[in-house]
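Structure record follows, encoded as structure tokens.
Computed over heavy atoms, backbone and side chain alike; hydrogens, waters and symmetry mates excluded. Naming: A, B, ... by sequence-line order, numbering from 1 per chain.
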Amino acid sequence: MTLHVTLPDGSPLELADGATVRDAAAAIGPRLAKAAIAGRVSAAGDPDVTLLVDATAPLHEGDQLSIVTLKGDDPDAADILRHTASHVMAQAILRQFPGTKYAIGPTIENGFYYDFQFAEPITEADLVRIEKEMGKVVSQNLPIERHELPVDEALAVFGAGAPGTGPSGLSLGLDQPFKVELIEDLVAAAEAGGREVPTISVYVQGDFVDLCRGPHLPSTNKLGSGTFKLTSLAGAYWRGDEQNLMLTRVYGTAFANKEELAAHLEALELARERDHRRIGRDLDLFSFHEEGPGFPFFHAKGMRIWNAIIDFWRAEHVAAGYEEIRTPQILRRELWELSGHWENYKDNMYFTEIDEQPFAVKPMNCPGGLLVYKSRRRSYRDLPLRLAELGQVHRHEMSGVLHGLFRVRYFTQDDAHIYCTPEQLEDEVRGVVRLMHHIYAAFGFSDVRIELSTRPGKSIGSDEMWERAEGTLSRVLDAEKAPGGEPLAYVLNPGDGAFYGPKIDFHIRDIMGRTWQCGTIQVDFAMPERLDITYTGADNEEHRPVMIHRALLGSIERFMGILLEHYGGNLPTWLAPVQALVIPIADRHAAYGHEVLGALRQAGIRADLDERSESMGRRIRDGQLQKVPYLLVVGDKEQEVREVAVRERGEQRGSILIDDAVDQIAGEIRERRLPAQT
RNA sequence: GCCGGCGUAGCUCAGUUGGCAGAGCAGCCGCCUUGUAAGCGGCAGGUCGGCGGUUCGACCCCGCCCGCCGGCUCCA
């Protein structure tokens, strides 16, 4: 008997009945047989479903097969490798710390982790010991075998029953309660879904058994020495639930070869250098102090960036038909009760007392903004009314989550509330979507991901209102084009809307591939109701306006952090805190240097002068480290012909006339030109 | 908030079994007057995160608190 499979290039392969993925690889060539770690298989009747299987998995007549190896950059291969690495780590930990209970150990981007319950806490110093033991497991070259067990036997293996040997030859009574819980859940899920209770797959390597879907490497020495590293230790709740037990999570990373691991570790180091907290200190932009945990202090240079951001922001908002308002930090508690914040948000709010009356520090701007709306009667002629507010809000975040400018306890939202008629809603949403893309592009973020979140389980308002609002949002997104002209892509996030209305969220992708939720557009029928705002229609009747809450950058503080990391501190010139630095070579050039400085400042360029009695090399170096885009060196030669020697972002550009340098830099700023990115 | 780690000069870090606290850079002063990424010399700088305890004696050991870092949960 024979069976036939098809390879990725379409060529057929005839194999003996019962042949495995590895047999197929061997039929192609001995080198491939050695390199094969798994197979990607599509069954004849189901070509769209591709399954990743072990190298030892049997093939079936008509299968489409592609061999997975560790050569090249097959993402499936990396995933399998890391998954096996997590098992090897668990095995090493069980050997070094007997009695440890193991929970789950999945792969993550660039690595893996495994959660454990240790009898005694371990420290980072123990990681070395674990790595050593992992090395032993690797060099023992244990075969990794898959077993399919009936539920009863699987429970006997991982349960706390008497030790022994089961029908499949596996040890019983391992006493691993997390695994038992997982198996019981698999059974419960199958029963709930009306499906047959599945067999349980486990993987065995030497003295280690784990519940796992697989696939895995064929044996432990496929993990080369020096290709994995344990990186950190952290706490993690069992199943991610705060109510559950806190387990110890061990993080690691693994690659197909030493070079890739080294490259990854180097990339981590580069990311550390891009850390906005470090850049903030080195460039003297902002600081944090024990006296105000989570409350950033902005320095003069940080405010230069801040002001560059909001000057641009303001100009764009004026152009888009917004007015700017400003509302107080502290308002009477009743307002927050009326708005629903007291009920839904008080754990994150700060409270105080004024003249024995209860007040709250604002965590959001909307209630204050609504009072502005209510300050006079509104006509349909006033609508749409677009009121923007750079509102500083305070939120009590849990101490463990604070992180530089990314997560703080006070921040400035680039907020706006648009009050409009239901008929105007669609146009207004469209306007915000366009403004959003326009603003992101100016900062150099062109990769924007959009999510539409619909009605959550717990919500207020009528079905009809929700349908209309969700319809409006999806209609806008469906009709809108991305800046490149292609249709706007978005993903649906059912049930993830705010309790008062559906929303569109905007995520920007930075140079390191991370995404950040910045913009949001939320349709709100509830707040106008609760605060009872109205407008007089053309019919002379009172009507309820619809309200849109929106932010583009989200938090100015956090956005600045994102910018700093995205550009590694080398901000586009229009955002740079110091755009040009004049460096006179010797004292006798100081007067000329001041003249150049004056010309730059006259043109609105943020320029400084470094006339310290330091060597020129030193001042160039400092200017570079401060990431000043333009260093303008002036000496005898330049002074004589009224030129400056331009050094642009580390590149010497030769000498040009002062006026030309000023024009060039001012032009770059005016056009908000972005640096070429690599 | 929870788990683990850390806290020595502005920054980066040394500090031997518990016995007078150190370096480099930054800062200040002086010299040098400079041609594209660190010129030379000197000086100053620390209640060793805070508070308690153990001890003849604590940066070092113990406890509590604060802050920071990495995660979890949460989130702009």
Determine, for [X] against [Y], whether the closest basic-nitrogen to carboxylate-oxygen distance falls under 4.0 angstrom.
| X | Y | result |
| --- | --- | --- |
| Arg272(A) | Glu565(A) | no |
| Lys637(A) | Glu643(A) | no |
| Asp505(A) | Lys503(A) | yes |
| Asp415(A) | Arg386(A) | no |

(Q) Between G71(B) and Tyr251(A), is there a base-stacking contact, meaning the centre of the base's six-membered ring lies under 5.5 Å from the residue's ring centre while the planes stay under 30° apart? (A)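 No, Tyr251(A) does not stack on the base of G71(B).
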
[X] has an atom [atom1]; how far is it from atom [atom2] of [N], in whole Å?
| X | N | atom1 | atom2 | answer |
| --- | --- | --- | --- | --- |
| Leu127(A) | G71(B) | CG | P | 14 Å |
| Met398(A) | C75(B) | CE | P | 9 Å |
| Gln522(A) | C75(B) | CD | C1' | 13 Å |
| Tyr113(A) | G4(B) | OH | C1' | 17 Å |
| Gln392(A) | A76(B) | CD | P | 18 Å |
| Glu291(A) | G50(B) | CD | P | 13 Å |
| Leu402(A) | C66(B) | CG | C1' | 13 Å |
| Met246(A) | G1(B) | CE | C1' | 9 Å |

For RNA chain B, the expected dot-bracket line (Watson-Crick or G-U under 3.5 Å, [ ] crossing, | inter-strand) is (((((((..((((.....[..)))).(((((.......))))).....(((((..]....))))))))))))....

_For G1(B), does the base pair up with any side-chain atom of Tyr237(A) as donor and acceptor (N or O, under 3.5 Å, distance only)?_
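Present.
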
### Message
Ignoring hydrogens and geometry beyond distance, is the side chain of Glu397(A) in donor-acceptor contact with the base of G1(B) at under 3.5 Å?
### Response
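Side chain to base: no pair below 3.5 Å.
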
Looking for any heavy atom pair under 4.0 Å, which part of the strands does [X] touch: base, sugar-phosphate only, or nothing?
| X | result |
| --- | --- |
| Arg647(A) | base |
| Ala551(A) | nothing |
| Gln624(A) | base |
| Arg277(A) | sugar-phosphate |
| Val393(A) | nothing |
| Asp636(A) | base |
| Glu557(A) | nothing |
| Gly635(A) | base |
| Gly617(A) | sugar-phosphate |
| Leu625(A) | base |

Please give the distance between the [atom1] atoms of [N] and [M] as a whole number of Å.
| N | M | atom1 | result |
| --- | --- | --- | --- |
| G30(B) | G49(B) | P | 35 Å |
| G15(B) | A58(B) | C1' | 14 Å |
| G1(B) | C43(B) | P | 47 Å |
| C6(B) | C20(B) | C1' | 28 Å |
| A44(B) | G4(B) | P | 45 Å |
| G52(B) | A38(B) | P | 50 Å |
| G50(B) | U12(B) | C1' | 24 Å |
| G7(B) | C29(B) | P | 34 Å |

| request: Between Asp282(A) and Val634(A), name the one whose nearest nucleotide on RNA chain B is closer to the 5' end. | output: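 Between the two, 5'-proximity favours Asp282(A).
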
Residue met sooner reading RNA chain B from 5', once Leu233(A) and Pro584(A) are mapped to nucleotides
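Result: Pro584(A).
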
Quick check on [N]: is either OP1 or OP2 less than 4.0 Å from any side-chain nitrogen or oxygen of [X]?
| X | N | result |
| --- | --- | --- |
| Arg618(A) | U34(B) | no |
| Arg619(A) | U33(B) | no |
| Arg612(A) | U33(B) | no |
| Ser399(A) | G1(B) | yes |
| Ser615(A) | G39(B) | yes |
| His403(A) | G70(B) | yes |

Where the side chain of [X] is concerned, which of [options] is the nearest nucleotide?
| X | options | answer |
| --- | --- | --- |
| Ser613(A) | C32(B), A37(B), G1(B) | C32(B) |
| Arg407(A) | U34(B), A76(B), G1(B) | A76(B) |
| Ala234(A) | A76(B), G70(B), C72(B) | G70(B) |
| Glu290(A) | U73(B), G7(B), U36(B) | G7(B) |
| Arg281(A) | U12(B), G1(B), U36(B) | U12(B) |

What about the rings of Phe118(A) and Phe97(A), do their centers lie closer together than 6.0 Å?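 Judged by ring-centre distance (under 6.0 Å), Phe118(A) and Phe97(A) do meet the cut-off.
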
Review point. Do Phe351(A) and Lys346(A) have side-chain heavy atoms sitting under 4.5 Å apart?
Key: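 The answer is yes; the side chains approach within 4.5 Å.
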
Is there side-chain contact between Leu182(A) and Arg239(A), with heavy atoms separated by less than 4.5 Å?
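Yes; the side chains approach each other to less than 4.5 Å.
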
Below 30° counts as parallel, above 60° as perpendicular, anything between as tilted: where do the rings of Tyr567(A) and Phe445(A) land?
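Tyr567(A) vs Phe445(A) ring planes: tilted.
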
Exercise. Do the ring planes of Trp336(A) and His341(A) sit parallel (below 30°), tilted (30 to 60°) or perpendicular (above 60°)?
Worked result: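 Perpendicular, since the angle between the ring planes exceeds 60°.
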
### Query
Looking just at side-chain N and O atoms, do Glu316(A) and His438(A) make a donor-acceptor pair shorter than 3.5 Å?
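Glu316(A) vs His438(A): donor-acceptor pair found between side chains.
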
Notebook entry, point to check: Does C20(B) adopt a syn or an anti glycosidic conformation, taking syn as a chi angle within 90° of 0?
Noted result: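 Here C20(B) takes the syn form, which means its glycosidic angle is within 90° of 0.
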
For this session: Go through the steps to decide whether Arg619(A) and Asp622(A) satisfy the test salt bridge (Lys or Arg N to Asp or Glu O under 4.0 Å), and finish with yes or no.
Result: CA-CA 5 Å; Arg619(A) 286 175 290 157; Asp622(A) 287 347; over 6 Å; no

